[in-house]
2 protein chains.
Amino acid sequence: MPREVDHAQRRSEISGAVWQVVSESGLEGLTLRAVASAAGCTTGMVTHYFRDKKALLAHARSVMHRRMADRIEAMPVGAEDPRAHLSAVAEQALPLDEERHLEAVVWSSFLLTTRTDPELLREHSVSHASWVRRLTALVRAALSGEPEPGDLEDRVRALVVCLDGLALNAVTDPDAYPPDLQRRVLDGQLDLILEGNREGAVRSLHPQG
Amino acid sequence: MPREVDHAQRRSEISGAVWQVVSESGLEGLTLRAVASAAGCTTGMVTHYFRDKKALLAHARSVMHRRMADRIEAMPVGAEDPRAHLSAVAEQALPLDEERHLEAVVWSSFLLTTRTDPELLREHSVSHASWVRRLTALVRAALSGEPEPGDLEDRVRALVVCLDGLALNAVTDPDAYPPDLQRRVLDGQLDLILEGNREGAVRSLHPQG
DNA sequence: ACTGTCACGTAACATTCGTTACGCAACCTA
DNA sequence: TAGGTTGCGTAACGAATGTTACGTGACAGT
């Protein structure tokens with residue numbers, strides 16, 4: 001076998017180029033030539049590693065999901081304050097730094113294409129349900145010691161849509177939704193959801209914690 | 001002047017076709033030929049009423065914004081319960097019926113294109129700020145009688161992103177976010193934001209109010 | 001050195017798109 | 001009835017895109 005190359009790495013590099021193009025030109029500007037240009041190669045190389053455009057997008061999507069999942073799973077679990085843990089995990093879904101902002105852009109771009117593709121919808125559906133389940137467990141843990149509210153499910157949903165809404169707005173208009181605003185809103189939402197679990201919260205005086 | 005035709009109406013009809021195409025094929029499937037087909041006419045007629053595709057999209061967008069604004073401005077104001085009024089206005093941003101669902105699909109589709117178009121971003125930015133301001137006034141009114149919390153701005157933001165997140169998820173996966181779930185989450189979010197303003201809230205027993 | 005395989009660049013291909021030009025029918029005015 | 005204007009269908013055009021085919025150099029096995 002002559003001239004062996006690490007296929008996985010090449011594919012990852014090209015997927016990185018996909019992200020870059022989506023980030024600055026949107027999904028509508030995502031062409032094989034643009035990807036090749038961003039990757040500093042030719043379209044021939046792109047087609048050499050991906051059968052067609054659909055496969056290219058699928059790989060870029062899976063890389064995104066893996067990255068997100070890895071970051072969350074890398075969180076230390078258990079020992080610390082349950083509320084801090086919940087907050088830390090939830091924060092992983094927010095575009096608080098450049099890396100996560102890029103991910104959020106890709107996420108939101110792909111999310112809308114999900115609507116018209118039944119296969120992608122199913123994939124999204126189970127992933128979303130899993131995310132809701134994970135947050136439910138964390139919220140329940142953060143509530144331990146208090147009687148479980150009857151509308152816990154709805155509270156978790158409120159948290160989930162809060163995160164999605166924050167991410168969406170931060171992606172659309174980053175200047176209007178800077179990281180500190182995102183953090184404050186999330187923190188406030190957790191206060192509301194946990195309803196005084198953190199007694200005497202003085203968020204308005206120490207927004208950054 | 002021979003064969004006079006109501007230009008405004010024709011343009012509205014064609015914009016309706018744009019919505020229809022976006023709804024079932026997404027923005028990527030929005031071609032002049034698809035629009036003409038959905039409108040039951042030819043591409044010649046479309047180009048006769050719109051200089052180019054950009055003008056067509058701009059009109060479809062403006063129709064969407066006008067529809068949303070009209071629905072909100074048509075709300076009766078004042079006499080009733082401030083919280084009910086806030087709830088009613090906020091509900092207008094949710095895809096609770098077929099009409100609003102269609103609007104939400106178009107809204108979310110156009111929203112993402114905003115990111116890569118500075119002109120659209122400015123337009124969105126002022127519109128969004130206006131929306132936040134309106135909700136702020138309503139929340140403040142619903143809070144009257146209680147001391148104004150120091151983090152009122154953040155609470156309004158939490159409401160706004162909750163609405164956006166609900167709409168986004170309902171658009172992406174309608175089955176997972178049916179109207180009654182949306183209503184419950186919004187209602188719960190209002191409870192949290194107004195913090196016991198509706199004393200003895202028994203949402204968990206009477207979710208539908 | 002010869003051969004085959006892998007990596008990849010080049011380029012042609014058909015398709016699809018937005019756009020533009022052309023043509024005809026309808027209808028008003030004179 | 002002749003001419004001009006408007007409404008709109010038809011079709012051609014160039015540009016861009018995804019895909020495919022072909023060619024070439026690099027390297028391993030023999």
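Remember, it's a predicted structure, so these values are computed and weren't measured experimentally. Below, chain A is the first sequence line, B the second, and so on; all start at residue 1.
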Quick one: pull up SG in A:C162 and CG in A:L94 and give me the separation to the nearest 0.5 Å. 7.5 Å

Hey, which sits more toward the 5' end of DNA chain D by its nearest nucleotide, B:Y49 or A:G29? B:Y49

Between [atom2] of [N] and [atom1] of [X], the distance in whole Å:
| X | N | atom1 | atom2 | value |
| --- | --- | --- | --- | --- |
| B:F50 | C:dT20 | CZ | P | 16 Å |
| B:R33 | C:dT15 | CZ | C1' | 11 Å |
| A:L32 | D:dT19 | CG | P | 6 Å |
| A:K53 | D:dT19 | NZ | P | 8 Å |
| B:L27 | C:dG18 | CG | P | 12 Å |
| B:D6 | D:dT6 | CG | P | 16 Å |
| A:E28 | C:dG18 | CD | P | 12 Å |
| A:D52 | D:dA21 | CG | P | 14 Å |

Does a side-chain N-to-carboxylate-O contact under 4.0 Å join [X] and [Y]?
| X | Y | answer |
| --- | --- | --- |
| A:D154 | B:R183 | no |
| A:E153 | B:R184 | no |
| B:D187 | B:R83 | yes |

Using the side-chain heavy atoms of [X], tell me which of these nucleotides is nearest: [options].
| X | options | answer |
| --- | --- | --- |
| A:H48 | D:dC8, C:dA7, C:dA12 | C:dA7 |
| A:M45 | D:dG9, C:dC8, D:dT19 | C:dC8 |
| A:T42 | C:dG9, D:dG18, C:dC17 | C:dG9 |
| A:T43 | C:dG9, C:dT10, C:dC17 | C:dT10 |
| B:T31 | D:dT10, C:dG18, D:dG18 | C:dG18 |
| A:T47 | D:dC8, D:dT17, D:dT20 | D:dT20 |

Between A:E24 and A:Q20, a side-chain donor and acceptor under 3.5 Å: no

Does B:R51 put a side-chain nitrogen or oxygen below 4.0 Å from OP1 or OP2 of C:dT20? no

Side-chain N,O (A:H7) to OP1/OP2 (C:dC6) below 4.0 Å: no

Base, sugar-phosphate alone, or nothing: which one does A:L30 contact when heavy atoms must sit under 4.0 Å apart?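 The residue A:L30 makes sugar-phosphate contact but no base contact.
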
